Number of protein chains: 2
Amino acid sequence: MFSSAPGPLTKSDRTRAHIRGFAMRSFRERGYDATTIRLIAQEAGVSVGTTHYHFPSKHHLVQELYLDVQYAHRAAAEPVLETTGDLIERLGIVYRTGLEGLAPFHRFAPEFLSAAVSPRSPINPLSTESAPALGIVLDLFRSALAGAKHSLPTDFERALPNALVLGHLLLALFWVYDTSPGQERSFRLLERGLRLLRGVLPLTRVPMLRAPLRELLDLVAEVQA
Amino acid sequence: MFSSAPGPLTKSDRTRAHIRGFAMRSFRERGYDATTIRLIAQEAGVSVGTTHYHFPSKHHLVQELYLDVQYAHRAAAEPVLETTGDLIERLGIVYRTGLEGLAPFHRFAPEFLSAAVSPRSPINPLSTESAPALGIVLDLFRSALAGAKHSLPTDFERALPNALVLGHLLLALFWVYDTSPGQERSFRLLERGLRLLRGVLPLTRVPMLRAPLRELLDLVAEVQA
DNA sequence: GCTATGATCTGAACATGTTCAGTTCTGCCC
DNA sequence: GGGCAGAACTGAACATGTTCAGATCATAGC
């Protein structure tokens with residue numbers, strides 16, 4: 001009677017996976033607020049206490065959702081990245097696939113944001129618990145940069161990915177508040193930013209302008225926790 | 001027996017003021033979470049229902065706190081603004097007095113942030129209900145700009161205040177997450193930003209650079225809801 | 001096989017923001 | 001001054017995330 005049980009999964013593992021599965025599905029279908037602990041427990045056929053045994057808080061369940069979303073982001077971006085070696089194009093791909101992956105959640109975005117933003121709990125983007133999820137995005141930007149032909153000074157090249165991740169977070173923040181149809185304003189903002197970047201990046205080679213640009217990058221680096 | 005009743009205040013007005021007063025005090029002393037509706041009601045000598053009659057939700061009470069803070073910000077900044085005509089100095093004054101006014105709340109900042117950030121409810125910074133509070137800051141930046149000697153192109157001069165307010169919001173966001181002693185990192189970030197601005201603003205007069213700078217300002221303007 | 005120990009699970013209890021049906025009070029009109 | 005409409009107020013009830021003392025289960029060691 002272990003037909004689909006994949007190997008060394010204990011009963012506990014299966015319970016956990018069950019709870020996780022129902023929670024993820026409900027987050028997607030009903031959003032954050034309507035996915036109550038009691039509902040998850042009921043659908044998973046366990047008690048309220050059991051969900052809290054496997055996931056210390058509702059926030060921890062959202063953290064799992066973040067991970068799923070980031071994995072999906074990577075999976076969506078990587079094949080498209082093969083298609084071009086242009087730096088700005090490649091950055092655009094990462095940003096765009098990121099926004100597109102968020103689209104199904106937009107109607108619930110406010111709920112998730114207020115849960116996500118609190119610096120105390122595990123799902124704020126700067127918490128250590130979020131590091132794995134953010135790490136995926138950081139890697140994406142790193143490889144977008146590494147796989148592109150460009151001629152950035154090495155110090156810029158090294159500092160850029162972190163700045164790009166910060167841009168990603170801020171873009172996502174804007175997107176949450178963006179009520180335009182299809183969140184087109186977010187996409188327009190992105191294209192504008194990319195266009196600006198295309199014009200500015202070459203200037204890092206101009207002696208006169210290098211210093212202030214470096215200064216700007218340092219400012220952004222200062223923000224990274 | 002109306003010894004200290006100031007004129008045309010109805011009983012209802014006084015009840016409201018009472019509730020407001022106790023809530024403000026408790027927010028300052030205990031933070032957002034520990035200031036429960038029941039506690040406010042008890043201290044104000046009314047029932048739970050009455051607080052919700054005068055203030056539809058706990059968020060609305062926080063909105064009142066915002067207003068108080070912004071008024072205090074203006075009161076703190078205006079006299080200092082008299083002391084200099086240098087644009088960057090004046091902007092620094094507005095930003096610095098803003099951060100300083102927030103200081104007493106830093107230990108509770110996370111609680112307030114997660115309450116504040118939700119786009120659905122009245123205390124998110126972009127909601128119409130927040131407009132008065134943000135308007136005060138906008139005016140501050142406007143007058144900081146108006147009272148300074150500078151030579152910005154008029155289109156820049158017109159678009160700048162909104163960008164400065166956005167900077168204020170982002171700086172406050174950073175400040176919430178800033179755990180350095182006295183939030184010195186936030187202040188350092190500010191000084192860095194001001195220094196950068198001092199170097200960049202004159203460049204708006206250089207024909208070659210004006211276009212990309214204008215582009216940058218437009219990008220920021222796009223963000224304003 | 002038997003049992004002790006720790007992992008797993010249960011559901012009642014708690015604190016909290018919010019709602020609402022009902023009660024009391026206020027001020028105005030005749 | 002008597003009554004009435006609406007404002008002001010009450011507190012029990014609800015939904016929800018979280019906690020916790022205890023029940024149950026799985027399994028390692030004999």
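Fair warning: this is a prediction, and the values are worked out from it, not measured in the lab. Chain identifiers are assigned alphabetically (A, B, ...) following the order of the sequence lines, protein sequences preceding nucleic acid strands; residue numbering begins at 1 within each chain.
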If every non-hydrogen atom of L219(A) is compared with every non-hydrogen atom of G193(B), which pair is closest and at what distance?
CD1-N, 3.6 Å
Between T15(B) and dC9(D), is there a contact of a side-chain N or O with OP1 or OP2 at under 4.0 Å?
yes
E43(B)/R30(B) salt bridge by N-O under 4.0 Å criterion
yes
Distance check needed: dA13(C) P versus R38(A) CZ, whole Å only.
13 Å
For the pair made of CG in D33(B) and P in dG17(D), what is the distance, rounded to whole Å?
16 Å
Before accepting this row, confirm whether a basic side-chain N of the pair E191(B)/R195(B) lies closer than 4.0 Å to the acidic partner's carboxylate O.
no
Which part of the nucleic acid, if any, lies within reach of T50(B) when heavy atoms closer than 4.0 Å are counted: base, sugar-phosphate only, or nothing?
base
Check the distance between dG17(D)'s P and F55(A)'s CZ and give it to me in whole angstrom.
15 Å
Near DNA chain D, under 4.0 Å by heavy atom, which residues of residues 18-31 of chain B?
none
Run the ring-centre check on H168(A) versus H73(A) and record whether the distance is less than 6.0 Å.
yes
Provide, to the nearest angstrom, the distance between the NE2 atom belonging to H52(B) and the P atom belonging to dC14(D).
17 Å
Taking NZ from K58(A) and C1' from dT16(D), how many angstroms apart are they, rounded to a whole number?
8 Å
Quick check on DNA chain C: between Y53(A) and G49(A), whose nearest nucleotide comes earlier from the 5' end?
Y53(A)
Assess whether a salt bridge exists between R20(A) and D68(A), defined as any Lys/Arg side-chain N lying under 4.0 Å from an Asp/Glu carboxylate O.
yes
Should H54(A) be listed as having a side-chain N or O under 4.0 Å from OP1 or OP2 of dC9(C)?
yes
Atom NE2 of H59(A) and atom P of dT16(D): how far apart are they, to the nearest Å?
16 Å
Measure across W175(B) and A109(B) and return the closest heavy-atom pair with its distance rounded to 0.1 Å.
CZ3-CB, 3.8 Å
Describe, in one word, how the ring planes of Y32(A) and F27(A) are oriented to each other, choosing from parallel (under 30°), tilted (30 to 60°) and perpendicular (over 60°).
parallel
Less than 3.5 Å apart, which donor and acceptor atoms pair up between the side chains of residues 76-83 of chain A and the rest of the protein, not counting sequence neighbours?
unit_1 : atom_1 : unit_2 : atom_2 : d
T83(A) : OG1    : V80(A) : O      : 2.6

Between atom OH in Y32(B) and atom P in dG17(C), what is the gap in whole Å?
7 Å
Considering only heavy atoms, which members of residues 39-48 of chain B lie under 4.0 Å from some atom of DNA chain D?
V46(B), S47(B)
For atom CG of D13(A) and atom P of dC25(D), their distance in whole Å
19 Å
Can you check whether F112(B) reaches V176(B) side chain to side chain, under 4.5 Å on heavy atoms?
no
Choose from dA7(D), dG17(C), dA13(C) the nucleotide whose nearest atom is closest to any side-chain atom of I37(B).
dG17(C)
